[in-house]
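When a residue number appears, it is its place in the shown sequence, counting from 1. Just so we're clear, the structure is a prediction, and the values are computed from it rather than from any experiment.
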Amino acid sequence: MTTSSPITPKFLSRPSEIGVTCVGFAGGQNKAGVDTGPTALIDNGLLSQLEKDLGYTILHDGQTHTYTSHQPAPEDDPIHRGMHNPRAVSAVTEQLEAQVYAQAVEGRFALTLGGDHSIAIGTIAGTARAIRERLGREIAVIWVDAHADINTPESSESGHVHGMPVAFLTGIAREDDLKIFGWLNKDTPTPGSEGYDKLGGKVKNGGEGTSAATGVLSTKKLVYIGLRDVDRGEKEILRKFGIKAFSMHDIDKWGIGRVMELALAHIGSDTPIHLSFDVDALDPQWAPSTGTPVRGGLTLREGDFIAECVAETGSLVAMDLVEVNPSLEIMGADETVRAGCSLVRCALGDTLL
């Protein structure tokens, strides 16, 4: 079966198949309702649109996974290093890593619908492991978000893990306890190994006196787009590690077309891409039903354009769509869900003409 997309994928051996994982998890933050996001997207016809309009074969188990049986009781999950629900988030993301890996290692596109953005710890780790095993390559991540989500437990003001996934994925934040993200270390340097610094899991780059981090994702293969609400500690991290980031200031200055040219040039044309898209990257005018809306964001058309540009590279192998919360701003819930569906369709090859 062939799809209607004119794009030829470079890194998918089964390009007509989409492996879908729905994650009904809200434990990375404190607002109920984001766990219903996947159901709302599917009820709005997302999967049928991908199948009937774009010609994909959808592989989905029909469930929205809550992973309740894997999560500890609240009394067994106390605050650790300032993090709320660290063991629950770790358990869920470890299970999700295996699910996304199982889809991606077969050479099909891995689509994950969330859920709060803490789930990206599992999705990106799963994609990275599959691509390493199947192709012997490292992945790049394009993180589209109003927020950088690169706080360490110590720099975070809220303690909510949905603001920390990039730090754990890159190794900027690190934890030895297997029940608190220690499972991420199986493919990364461990304490005591050459270059590892116990204070934050930093690896010194002796050449220029700068610092780099070692994790499942290289900071050199990470690009942010749409930032506009970045904590002070996160700004320091972005500068220290030289992470490529395009804020709304850059988009206002250069336009979204030039920003995408620069972002994709930074990644290069020979690297599989995982697109992690937080719907709050869009201005609340277009996506009001999300947990942490910030004014001055992307238009829906700019969001779609980002997805279209990434799709056109032929390098996209996986995508997350997260933080759709239909219980917030009820009057705008349908609009937010429709926006989310549009972003996914564009990433999978839907075109205006």
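- Within the 3.5 Å criterion, the main-chain N or O of G122 finds no donor-acceptor partner in the side chain of T93.
- Considering V23, T112, L113, L321 in turn, L113 is the only one that fulfils the side-chain contact (heavy atoms from CB on, under 4.5 Å) rule with P38.
- Remark: side-chain polar atoms of N185 are paired, donor with acceptor, to backbone N or O of E175 under 3.5 angstrom.
- In plain terms, the two heavy atoms of I18 and L50 that are nearest each other are CD1-CD1, 4.1 Å.
- Counting heavy atoms from C-beta on, the side chains of K10 and V317 never come closer than 4.5 Å.
- Put simply, the side chain of R108 never gets that close to the backbone of T57: no donor and acceptor are under 3.5 Å apart.
- In this structure, the side chain of N325 does not engage the main chain of G291 through any donor-acceptor pair within 3.5 Å.
- Aromatic ring pairs are classed by plane angle as parallel below 30°, tilted from 30° to 60° and perpendicular above 60°; the pair W143 and Y224 is perpendicular.
- Hydrophobic clustering (side-chain heavy atoms under 4.5 Å, transitive across Ile, Leu, Val, Met, Phe, Trp, Tyr) keeps V294 apart from I251.
- A pairwise comparison of heavy atoms in A120 and D320 identifies CB-OD2, 3.9 Å as the closest pair.
- At least one donor-acceptor pair under 3.5 Å links the side chain of T170 to the backbone N or O of V166.
- With rounding to the nearest 0.5 angstrom, the CG atom of L169 is 6.0 Å from the CG atom of L217.
- Connection of L348 to M260 is established within a shared hydrophobic cluster, with ILVMFWY side chains joined at heavy-atom distances below 4.5 Å, either directly or through further cluster members.
- The OG1 atom of T219 sits 12.0 Å away from the NZ atom of K240 when rounded to the nearest 0.5 Å.
- Separation of atoms CG (L298) and CG (D283) is listed at 8.5 Å; rounding is to 0.5 Å.
- In this structure, Q63 contributes its side chain and H65 its backbone to no donor-acceptor pair below 3.5 Å.
- Note on F109 and Y101: separate hydrophobic clusters, where clusters join Ile, Leu, Val, Met, Phe, Trp and Tyr whose side-chain heavy atoms are under 4.5 Å apart, directly or indirectly.
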Q: Assess whether side chain to side chain contact (heavy atoms under 4.5 Å, CB included) is satisfied between M83 and F181, documenting all intermediate values.
A: CA-CA 12 Å; M83 291 183 285; F181 309 115; 4.1 Å; yes
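- L59 is not connected to L54 by any chain of hydrophobic side-chain contacts under 4.5 Å among Ile, Leu, Val, Met, Phe, Trp and Tyr, and they are in different clusters.
- Salt bridge annotation for E97-R129: present, with a cationic side-chain nitrogen under 4.0 angstrom from a carboxylate oxygen.
- Residues D231 and H147 have side chains that never bring a donor and an acceptor to within less than 3.5 angstrom of each other.
- Among all heavy-atom pairs drawn from V100 and A110, the shortest one is CG1-CB, 4.1 Å.
- Looking at V322 and V34, their side chains never come closer than 4.5 Å, going by heavy atoms from C-beta outward.
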(Q) Could you walk me through whether H117 and S276 satisfy the side chain to side chain contact (heavy atoms under 4.5 Å, CB included) test, starting with their C-alpha distance in whole Å, then the side-chain angles of each, then the deciding distance to 0.1 Å, before giving a yes or no? (A) CA-CA 9 Å; H117 218 163; S276 198; 2.8 Å; yes
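- Here the CD1 atom belonging to I256 is positioned 10.5 Å from the CZ atom belonging to R301, to the nearest 0.5 angstrom.
- For the pair F11 and T271, the minimum side-chain heavy-atom distance is 4.5 Å or more.
- Residues L96 and Y67 are in side-chain contact: their nearest non-hydrogen atoms beyond the backbone lie under 4.5 Å apart.
- For E157, the CD atom is loosely surrounded, since the number of other residues' heavy atoms within 6.0 Å does not exceed 12.
- A donor-acceptor pair is defined here as one N or O able to donate and one able to accept, closer than 3.5 Å; such a pair exists between the side chain of R137 and the backbone of D270.
- A distance of 5.5 Å separates OG1 of T64 from CD1 of I42, quoted to the nearest 0.5 Å.
- The two residues I237 and S155 make their nearest non-hydrogen contact at CD1-OG, 4.5 Å.
- Listed here is the closest heavy atom pair of A347 and A311: O-CB, 3.3 Å.
- Between R239 and E236, no side-chain nitrogen of the basic residue sits less than 4.0 Å from a carboxylate oxygen of the acidic one, so the salt-bridge criterion is not met.
- With L282 as reference, L343 is the one residue of T299, T336, L343 to meet the side-chain contact (heavy atoms from CB on, under 4.5 Å) rule.
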Q) Does the side chain to side chain contact (heavy atoms under 4.5 Å, CB included) test come out yes or no for S218 and E138, once each step is laid out? A) CA-CA 8 Å; S218 168; E138 299 301 309; over 6 Å; no
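- Residues E323 and H162 have side chains that bring a donor and an acceptor to within less than 3.5 angstrom of each other.
- At a threshold of 4.0 Å, the pair K179-E94 does not count as salt-bridged, since none of the basic side-chain nitrogens sits closer than that to a carboxylate oxygen.
- With hydrogens and angles ignored, the 3.5 Å screen pairs no side-chain donor or acceptor of D35 with any backbone N or O of G115.
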(Q) Evaluate V223 against L262 for side chain to side chain contact (heavy atoms under 4.5 Å, CB included), listing each step before the verdict. (A) CA-CA 10 Å; V223 178; L262 294 169; over 6 Å; no
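- Residues Q285 and E335 have side chains not in contact (no heavy-atom distance under 4.5 Å, counting atoms from C-beta outward).
- The closest donor-acceptor contact from the side chain of S342 to the backbone of R338 lies at 3.5 Å or more, if one exists at all.
- In this structure, the side chains of H274 and M319 stay at 4.5 Å or more apart for every pair of heavy atoms.
- No chain of hydrophobic side-chain contacts below 4.5 Å, direct or via other Ile, Leu, Val, Met, Phe, Trp or Tyr residues, connects I273 to I7.
- The shortest side-chain heavy-atom distance between V161 and H84 does not fall under the 4.5 Å cut-off.
- By the 4.5 Å heavy-atom criterion applied to side chains, I172 and I150 are counted as neighbours.
- Considering all non-hydrogen atoms of both residues, R228 and G296 come closest at CD-O, 3.4 Å.
- Remark: side-chain polar atoms of Q29 are not paired, donor with acceptor, to backbone N or O of S118 under 3.5 angstrom.
- Rounded to the nearest 0.5 angstrom, L12 CG and L316 CG are separated by 8.0 Å.
- Using a 3.5 Å distance cut-off with no hydrogens or angles, the side chains of T36 and T39 do not pair a donor with an acceptor.
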